[in-house]
Amino acid sequence: MPVFPKISLRPEVENYLKEGFVNNEVVSASGKAAAERKFEALLNHLSHPPSFTTVRVNTHLASVQHVKELLLDELQQVWQFNGLSVPVLQHPDLQDVLLIPVIGPRKNIKRQQCEAVVGAQCGSAVLRGAHVYTPGIVSASSFMKAGDVISVYSDIKGKCKKGAREFDGTKIFLGNGISTLSRKEIFSGLPRLRGIGIRMTEPIYLSPSFDNVLPSYLFLQNLPSAVVTHVLNPQPGEKILDLCAAPGGKTTHIAALMHDQGEVIALDKIANKVEKIKQNALLLGLNSIKAFCFDGTKALKLDEIEDTEGTPPFSPESFDRILLDAPCSGMGQRPNMACTWTLKEVTSYQPLQRKLFPVIQWKISEGTAVSVTGQGDPPPVECRADHVRMWHCSQVQCN
């Protein structure tokens, strides 16, 4: 039974997604009514946290069993909900992925008179185990003081005005916490306050925060992202390209599965994102990664005269395997209670995806290329190469 309403979308966006989901192939297989029920179930799933928090073990530095034991000890020390045992499970098929059950929803939490309203993005983070950071607070009761027990709500439609004393619009209850600041301090107009504004003590969903938890051994990563690299199946000694690689989750996963033997080229066209890839590689102790600030649509070298000496652009058939996780709407990230994007914005990624796809067809030799499309994003082009695998995030079971 859903606790939250289904994800709020513009009608034209919902109709567009429905047309793609309830297509002729699906209808012929299960019937129109069943296909429509599955689509509605998907919209409900999107507004709720997943059943598990998934973390990937950096097997380059330690064994899965060792990291699992370290994580159990860490969770016992930082878990703030007394008397609750936190299991850590190993994924049955992906041996380097650990699963921590998300407990909830809890329906016996007493709502408080003192309230705070946070933005939708902050609210989603709270549902995944985060505390409320001061910049995310949009509204607070006029009598709120430091140390008060506060009921926290999410303004999923972005209608609450900053600094409001009360809000009667659409809001979703996230649980209770203790304020570290007064309302006056939060909205004083002084230089922007940072840090925790409300420390969550009774969240509706219990999920441990992984902020700075075993940072060299663990990488917080959604399950579909971890699956993708196993589909690619990189091997030691190979040369592999990761297009649109930031922030480096799949890049570092590729290098770890290769035992850091070979060469992993990571491209992204935004400089600070490339720095993030380098930082993650350094943190995880991986030396086989080379990250470049470069536009992936221009990564194919057509002029053979100039020698770029291992830097982009690259000659055709330069790589054993290629991963393309092209930019997409990101609407499949959970929880996601509301998306205000227009249909034009949702479909704006497809032209870029079409530009990127031919690049991977030309740059690979006899190996495998995997192209990923996100939830709600149809494949950008028909695949006409036997060695290119189209992989859609909806292939992972939603829980």
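Quick note: numbers below take in every heavy atom, side chains included, and nothing from hydrogens, waters or symmetry partners. Note that the coordinates shown come from a computational prediction; the quantities given were computed from them, not determined experimentally.
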Given K250 and D242, is the salt bridge (Lys or Arg N to Asp or Glu O under 4.0 Å) satisfied, shown in steps? CA-CA 8 Å; K250 299 181 190 69; D242 186 1; over 6 Å; no
Strictly by ring pair (Phe, Tyr, Trp, His ring centres under 6.0 Å), give each pair with a member in residues 266-299 just once, sequence neighbours left out. none
Indicate, with yes or no, if L218 and L220 share a hydrophobic cluster defined by side-chain heavy-atom contacts under 4.5 Å among Ile, Leu, Val, Met, Phe, Trp and Tyr. yes
Test of understanding: clusters of I, L, V, M, F, W, Y form through side-chain heavy atoms closer than 4.5 Å, transitively. Do M258 and L284 belong to the same one? yes
Quick check for you: to the nearest 0.5 Å, what is the distance between I240 atom CD1 and S318 atom OG? 13.5 Å
Between the main-chain N or O of P203 and the side-chain N or O of R106, is there a donor-acceptor pair closer than 3.5 Å? yes
Would a distance-only check, ignoring hydrogens and angles, find a side-chain to backbone donor-acceptor pair under 3.5 Å from Q350 to T347? no
So if you build clusters from Ile, Leu, Val, Met, Phe, Trp, Tyr with side-chain heavy-atom gaps below 4.5 Å, do L181 and M144 land together? yes
Side-chain donor or acceptor of E185 paired with backbone N/O of S182 under 3.5 Å: yes
Value rounded to 0.5 Å, distance of CG in L323 from OG1 in T251: 7.5 Å
For the side chain of D320 and the backbone of K239, is there at least one donor-acceptor N/O pair under 3.5 Å apart? yes
Would you name the heavy atoms of C328 and Y349 that are closest together and state the gap between them? O-CZ, 3.4 Å
Just wondering, are more than 12 heavy atoms of other shown residues or ligands nearer than 6.0 Å to NZ in K162? yes
Does the side chain of T229 come under 3.5 Å of the side chain of R56 through a donor N or O and an acceptor N or O? no
For the atom pair CD1 (I322) and CG (L241), what is the distance rounded to the nearest 0.5 Å? 5.0 Å
R321 side chain to L232 main-chain N or O, any donor-acceptor pair under 3.5 Å? yes
Shortest non-hydrogen contact from S30 to A35? OG-N, 4.1 Å
Suppose we screen for side-chain hydrogen bond (donor to acceptor under 3.5 Å, both in side chains). Which residues come up paired with S151, at least two apart in sequence or across chains? N176
Partner residues of E166 under the side-chain hydrogen bond (donor to acceptor under 3.5 Å, both in side chains) criterion, sequence neighbours left out: none
First locate atom OG of S8, then atom CG of N336, and finally report the distance between them rounded to the nearest 0.5 Å. 10.0 Å
Closest non-hydrogen atom pair, T342 against V13: C-CG2, 3.8 Å
I'd like to know if the side chain of H60 and the backbone of A255 have a donor-acceptor N/O pair within less than 3.5 Å. no
Going by the rule ring pair (Phe, Tyr, Trp, His ring centres under 6.0 Å), which residues pair with F143 if we only count those two or more places apart in sequence or in a different chain? none
Taking only residues at least two apart or on different chains, which pairs with a member in residues 198-234 satisfy ring pair (Phe, Tyr, Trp, His ring centres under 6.0 Å)? H230-H253
Between N212 and P215, is any pair of side-chain heavy atoms under 4.5 Å apart? yes
Is there a side-chain contact between K110 and E202, using heavy atoms and a 4.5 Å cut-off? no
Establish whether V27 and L42 are linked, either directly or via other cluster members, by ILVMFWY side-chain heavy-atom contacts under 4.5 Å. yes
Can you find a pair of side-chain heavy atoms, one from V227 and one from D93, that are under 4.5 Å apart? no
Candidate pair L356 and C244, rule side chain to side chain contact (heavy atoms under 4.5 Å, CB included), full reasoning: CA-CA 9 Å; L356 287 164; C244 311; 3.7 Å; yes
Are side-chain N/O atoms of D148 and S179 paired as donor and acceptor at under 3.5 Å? no
Mind checking what makes side chain to side chain contact (heavy atoms under 4.5 Å, CB included) contact with F39, not counting sequence neighbours? E14, L17, K18, F21, V22, L43
Using side chain to side chain contact (heavy atoms under 4.5 Å, CB included) as the criterion, list what pairs up with A146, not counting sequence neighbours. none
May I have the list of side-chain donor-acceptor pairs in residues 113-128 shorter than 3.5 Å, sequence neighbours left out?
from: E115; atom 1: OE1; to: K171; atom 2: NZ; distance (Å): 2.9
from: S124; atom 1: OG; to: A120; atom 2: O; distance (Å): 3.2
from: S124; atom 1: OG; to: P335; atom 2: O; distance (Å): 3.2
from: R128; atom 1: NH1; to: R334; atom 2: O; distance (Å): 3.0

Do you know which two heavy atoms are closest between V102 and S207, and how far apart they sit? CG2-OG, 4.0 Å
Using the test side chain to side chain contact (heavy atoms under 4.5 Å, CB included), find all partners of E19 that sit at least two apart in sequence or belong to another chain. none
Examine distances only and state if a side-chain atom of Q235 and a backbone atom of N233 form a donor-acceptor pair shorter than 3.5 Å. yes
Do N222 and Q333 come close enough that some side-chain heavy atom pair is under 4.5 Å? yes
Flag yes if L70 and L98 sit in one hydrophobic cluster, no otherwise; membership is Ile, Leu, Val, Met, Phe, Trp, Tyr, and two members link when side-chain heavy atoms are under 4.5 Å apart. yes
Nearest-0.5 Å distance, CE of residue M337 to SG of residue C339: 14.5 Å
Heavy-atom check, side chain of Y153 versus side chain of R111, under 4.5 Å: yes
Would you confirm whether H91, through its side chain, and L99, through its main-chain N or O, come within 3.5 Å as a donor-acceptor pair? no
Looking at E25, is its backbone amide N or carbonyl O close enough to the side chain of N23 to form a donor-acceptor pair, meaning the two atoms are under 3.5 Å apart? yes
Looking only at atom types and distance, does a side-chain atom of R194 sit under 3.5 Å from a main-chain N or O of Y133, one as donor and one as acceptor? no
Could you check S216 against L283 for side chain to side chain contact (heavy atoms under 4.5 Å, CB included), going step by step and ending with a plain yes or no? CA-CA 6 Å; S216 294; L283 181 65; 3.7 Å; yes
Test log, rule side chain to side chain contact (heavy atoms under 4.5 Å, CB included), inputs T54 and L94: CA-CA 11 Å; T54 58; L94 309 177; over 6 Å; no
Residue pairs, two or more places apart or on separate chains, that pass ring pair (Phe, Tyr, Trp, His ring centres under 6.0 Å) and touch residues 99-122: none
Minimum heavy-atom separation for L75 and I100, please, with both atom names. CD1-CG1, 4.3 Å
Using side chain to side chain contact (heavy atoms under 4.5 Å, CB included), reason through R10 and Y16 one step at a time and then give a plain yes or no. CA-CA 10 Å; R10 291 175 181 258; Y16 168 77; over 6 Å; no
Exercise answer: donor-acceptor pairs, residues 262-279 side-chain atoms, under 3.5 Å, sequence neighbours excluded:
from: E263; atom 1: OE2; to: K290; atom 2: NZ; distance (Å): 3.2
from: D268; atom 1: OD1; to: I270; atom 2: N; distance (Å): 3.2
from: D268; atom 1: OD2; to: A246; atom 2: N; distance (Å): 3.4

So how far is it from T53 OG1 to Q221 CD, rounded to the nearest 0.5 Å? 13.5 Å
What are the two closest heavy atoms between A62 and V57, and how far apart are they? O-CG1, 4.3 Å
K159: salt bridge (charged side-chain N to carboxylate O under 4.0 Å, His left out) partners, not counting sequence neighbours: none
